[in-house]
Number of protein chains: 2
Amino acid sequence: MSVVIPEIYNVHTPLLVAVDCIIFGFNECELKLLLVKRQMEPARGEWSLMGGFLGEHESLDEAAARILNQLTGLTDVYLDQLYAHSDPDRDPGARVISVSYYALIKISQHNQELAKEHDAEWFKLSEIPKLIFDHNLMVDMALQLLRKQAKTKPVGFELLPEKFTLPQLQALYEAIYQKELDRRNFRKNVLSMGMLEKLDEKDKTGSRKGAWLYRFNISKYESFRNQGFFFNVSV
Amino acid sequence: MSVVIPEIYNVHTPLLVAVDCIIFGFNECELKLLLVKRQMEPARGEWSLMGGFLGEHESLDEAAARILNQLTGLTDVYLDQLYAHSDPDRDPGARVISVSYYALIKISQHNQELAKEHDAEWFKLSEIPKLIFDHNLMVDMALQLLRKQAKTKPVGFELLPEKFTLPQLQALYEAIYQKELDRRNFRKNVLSMGMLEKLDEKDKTGSRKGAWLYRFNISKYESFRNQGFFFNVSV
DNA sequence: CCAAAAGTGTTCGCCGTACACCCATGA
DNA sequence: TCATGGGTGTACGGCGAACACTTTTGG
């Protein structure tokens, strides 16, 4: 059975719709971004966010997940839609609307082979190069959203390994907000939420004494949330 | 000089991109939404958000402003991009991505003739009918965003007349959060921010005694913001 | 004079913030 | 034994929340 497209839809101009991913990672006490060298014209060879076009039968969320998977090999990644960028002249090659997504990945888990194939590299936030089109703006917006969300949602844990130490968690928050935090207050704060599970292991890579490993307890988070108690880190 | 469209852009499917506006207003102590009876197939005659297609040479922001103007006659309205809705089956007539915008207008200022031409009506939030496609979802998301923003940005003033009383402002916040607020705490709170200007007039329509009129002082708001002091209403 | 809405201050508890010393361990 | 990072408790101030009576004036 064929679908009859109503007249009204025909008088309007179809456009290309793309998705660009701002991919955050965290290691060595630094917040980082995964960027690729663009492999197509225009602007071939310049640094760019990983992107692609929306397929005929997929949603934007699905396109973002597909594109992220192409570069990292990861599935089930934290992805949030950011903004639809639509300046008619934003892409000199054609009229393209781009919807940006921000992704938080565990940097140790991504597929480095795939990254190499795409000429991808991790950049410290402080060393982001000039990117094509409006991609630097996308990065700024993503960072703003990350800063907003990390206060009230447990997004930070997406960037850490499953097991992490409190000094690591604190370093992550310090990297996100570019601000030193007080150890005692930070611990009191995050532990008092009752969403962290202390394990019986220590991580001894960071110091002679070693730091206790913790795990984020997502089911406690959800049950607290249902009772109206929300995640809250003060920075 | 003609522009050569690079090959890569040609292998992808162009899509229709639309904009839908969630238009909030406030009067008689109620938060309301301006909805239209859809005048095109599919779903002709059903209740819908005001929408339209993105033009070839305009940005989404421009399209949203144009569409809002068609219905209300207003320009310079508070508009915020909300979300890009992209389920492949969301519009049964064709593959259409819709970017939703939320608008805050002063209900007394819109052009009622234009509204009548579009079969538009104001609905109390509690009485929103079933809308076409995913428009009810858009409304829910807009309300969530409004609730988030009204705490920390002076968006509420977009919904009130230039001159308003503190009881009116409080009623607006009570309508937004569906929650009664304490008069004394509310006044202390909003007055202490130092962004409201007390006028020498009273509004006597609400009571025999009359309530003092105030005006929002946007330049004080901006200078405070530059100093790191932000708008903050506790609800 | 009375009904109906506007206006006004104080108290209390909690949370965010500041701050300094001991602990465990490998080299 | 010492250098390095990990771990711990208390005191203060400010802000949000609770709460009740007086004022004005049109009918």
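Everything numeric here is computed off the predicted structure, so don't read it as measured data. We name chains A, B, ... by the order of the sequence lines, and we start the count at 1 in each one.
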Query raised in the report: When you check the side-chain N and O atoms of Ser219(A) and Asn217(A), is any donor under 3.5 Å from an acceptor?
Result: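 Present: a donor and an acceptor within the cut-off.
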Query raised in the report: Does the side chain of Asp203(A) pick up a donor-acceptor pair with the side chain of Thr205(A) at under 3.5 Å?
Result: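 Checked: Asp203(A)/Thr205(A) side chains pair up, N/O donor to acceptor below 3.5 Å.
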Whole Å only: how far is the [atom1] atom of [X] from the [atom2] atom of [N]?
| X | N | atom1 | atom2 | answer |
| --- | --- | --- | --- | --- |
| Asp203(B) | dT24(D) | CG | P | 18 Å |
| Leu213(A) | dG5(D) | CG | P | 18 Å |
| Arg208(B) | dT25(D) | CZ | C1' | 7 Å |

Report task. Give me the ring orientation class for Phe157(A) and Phe164(A): parallel if the planes are under 30° apart, tilted from 30 to 60°, perpendicular past 60°. Result ->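 Phe157(A) vs Phe164(A) ring planes: tilted.
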Query raised in the report: Hey, what's the ring geometry for Tyr173(B) with Tyr177(B), parallel, tilted or perpendicular (30° and 60° as the breaks)?
Result: parallel
Query raised in the report: Nucleotide by nucleotide, 5' to 3', does protein get under 4.0 Å of the base (B), only the sugar-phosphate (S), or neither (-) in nucleotides 6-17 of chain D, counting heavy atoms?
Result: BBBBB------B
Which donor-acceptor pairs under 3.5 Å do side chains of residues 112-125 of chain B form with protein atoms, sequence neighbours excluded?
unit_1    : atom_1 : unit_2    : atom_2 : d
His118(B) : ND1    : Leu114(B) : O      : 3.1
Trp122(B) : NE1    : His110(B) : NE2    : 3.2

